[in-house]
Amino acid sequence: MSNLESHDKTATRPMTSTVTTQSSPSRIARRTRGQTHGPITRLMSPSDFGHLLKPFVFLDLFDTQGKPNPFAGFGLHPHSGIATLTYVAEGSVRYEDTNGATGLLPAGGLEWMRAGGGVWHGGGSGEPGRTRGFQLWIALPPELELGPSESIYLSPDVIPHDGRARVLLGNYGTATSSIKAPSPMNYLAVHLKAGERWNYQPPVGHTVLWTAVGKGSVLIPDELRQCELVAFEPSNAVIEFEAQSDAEFVVGSAVPHDYDLVLGSHSVHTSAEALREAEARISAIETRLIQQGKL
């Protein structure tokens, strides 16, 4: 839906004063409200939380409520070396990619785009009304960063769930995502009613752990409100959530990505050599799109 450089000046800047340190026993290492540009708030990028939480490297919360102009979205733009997962919590999102897919993703659906060695995609708000959700970027390991691209679009009825948690990647309880994650990780979307509680037990080895609130507020035991992201100290202890109001949030956990993050305008790779090869492939796709009259 969005791209790396559209509003990501943080990729070359140090962390801002929105990031603070929390003390025990909350287990929160850092927290932020990100940087907002129009309907999109960038909560994570490689210069701050993305470096701390890799393989999770970018996270955007998009919300068109209260914005003066409709969100037209982004035209076709390239990626490589990463996978993007767009989860629509409310409204709908248009999509298009150079693998031949086009359509409308409804509330509760998700788009999975593993860019590999290069792909172009685009999209934006769908039907009139509020559009809200998260877009997550995940760094690919060396064996996948120059591999073939893959695009998957899932309707709400085929996304597995266990209780209040929808499993977007990985597995939780009795539910397992049909999408093959590029490395060991979980990514869950959780809905709680006011007063409800929910616990998350990170799997063994998942020392990367974070959560971000898309609606309402929760206690963990610190209070987290809409448009906040927190990174937890590495631990396999249970995280307990209690909804202060009707709340929606996402939780990510993973085995660490033990590779460098080498950034291009639209790409994240593990080496400069891989980035150069991918950029050449992206350029070749661009030439084809121009010849086809799509750019």
Side-chain angles (χ1 to χ4, degrees), residues 2 4 7-37 40-63 82 85 87 134-139 168-170 183-190 198-203 205-244 247-261 263 268:
S2 63
L4 298 187
H7 50 274
D8 180 39
K9 303 304 182 184
T10 60
T12 57
R13 285 208 306 254
M15 288 181 285
T16 69
S17 59
T18 59
V19 179
T20 59
T21 301
Q22 297 292 318
S23 59
S24 184
S26 70
R27 291 181 50 205
I28 293 176
R30 292 175 178 165
R31 64 193 297 165
T32 184
R33 294 190 62 83
Q35 298 186 17
T36 299
H37 301 265
I40 297 177
T41 299
R42 176 143 290 176
L43 293 170
M44 182 194 310
S45 64
S47 65
D48 46 64
F49 284 78
H51 182 76
L52 179 69
L53 298 174
K54 59 184 183 178
F56 307 107
V57 291
F58 287 91
L59 180 70
D60 286 347
L61 170 63
F62 54 91
D63 190 347
I82 55 175
L85 193 153
Y87 172 67
F134 286 97
Q135 187 171 63
L136 175 70
W137 283 262
I138 298 166
L168 310 182
L169 277 178
S183 58
M185 68 182 65
N186 287 342
Y187 183 44
L188 314 176
V190 183
W198 180 80
N199 296 338
Y200 180 63
Q201 172 70 67
H206 283 216
T207 56
V208 172
L209 179 61
W210 58 272
T211 189
V213 180
K215 181 180 179 181
S217 64
V218 296
L219 299 177
I220 55 168
D222 304 61
E223 184 178 11
L224 304 181
R225 297 174 181 263
Q226 181 178 348
C227 203
E228 282 194 281
L229 177 145
V230 299
F232 294 100
E233 297 285 356
S235 171
N236 276 113
V238 172
I239 299 290
E240 299 179 350
F241 296 82
E242 180 180 350
Q244 289 285 87
E248 300 176 10
F249 55 94
V250 289
V251 177
S253 69
V255 171
H257 179 80
D258 292 327
Y259 304 97
D260 293 334
L261 300 179
L263 275 66
V268 179

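Just so it is clear, the structure is predicted and the values come from calculations on it, not from any experiment.
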Min side-chain heavy-atom separation Q135-I40 under 4.5 Å: no

Audit row: L229, L59, side chain to side chain contact (heavy atoms under 4.5 Å, CB included) steps and yes/no: CA-CA 9 Å; L229 177 145; L59 180 70; 3.5 Å; yes

CG on L169 to CG on L85, rounded to 0.5 Å: 5.0 Å

Any donor-acceptor N/O pair, N236 side chain to P203 backbone, under 3.5 Å: yes

Side chain to side chain contact (heavy atoms under 4.5 Å, CB included) between T41 and L43, worked out: CA-CA 6 Å; T41 299; L43 293 170; 3.9 Å; yes

From CD (E240) to CD (Q201), nearest 0.5 Å: 10.5 Å

Straight-line distance of D63 CG to Q226 CD, nearest 0.5 Å: 6.0 Å

Note, V213 side chain near V218 side chain (heavy atom, < 4.5 Å): yes

Test applied, ring-ring contact (aromatic ring centres under 6.0 Å, His included); reference residue, W210; option that passes from F56, Y200, F134, F249: F56

Test item: F58 and F49 side chains (from C-beta on) under 4.5 Å apart, heavy atoms: no

Pair R31-E228, side chain to side chain contact (heavy atoms under 4.5 Å, CB included): steps then yes or no: CA-CA 7 Å; R31 64 193 297 165; E228 282 194 281; 3.0 Å; yes

Shortest non-hydrogen contact between L168 and A189, atoms and distance: CD1-CB, 4.1 Å

Heavy-atom side-chain proximity of V208 to F232 below 4.5 angstrom: no

Nearest non-hydrogen partners of L261 and A139, listed with the distance: CD2-CB, 4.1 Å

Separation of R30 CZ from E233 CD (nearest 0.5 Å): 9.0 Å

Minimal non-hydrogen separation, T207 against P256, with atom names: OG1-CG, 3.3 Å

Any T211 side-chain heavy atom under 4.5 Å of L224 side chain: yes

N/O donor-acceptor pair under 3.5 Å between R27 side chain and P234 backbone: no

Atom of P46, atom of L263 and distance for their closest heavy-atom approach: CG-CD2, 3.7 Å

Heavy-atom pair of closest approach, residues S217 and A247: O-CB, 3.8 Å

Distance, nearest 0.5 Å, that separates OG of S253 from CG of N186: 4.5 Å

Closest contact, heavy atoms only, L53 versus A231: CD2-CB, 3.9 Å

Beyond-backbone contact of V251 with L209, side-chain heavy atoms, under 4.5 angstrom: yes

Rounded distance (nearest 0.5 Å) linking atom CG of N199 with atom CD of E242: 10.5 Å

Side chain to side chain, D60 and L136, heavy atoms closer than 4.5 Å: no

pair V255-M185: side-chain heavy atoms closer than 4.5 Å: no

Main-chain N/O of I138 paired with K54 side-chain donor or acceptor, under 3.5 Å: no

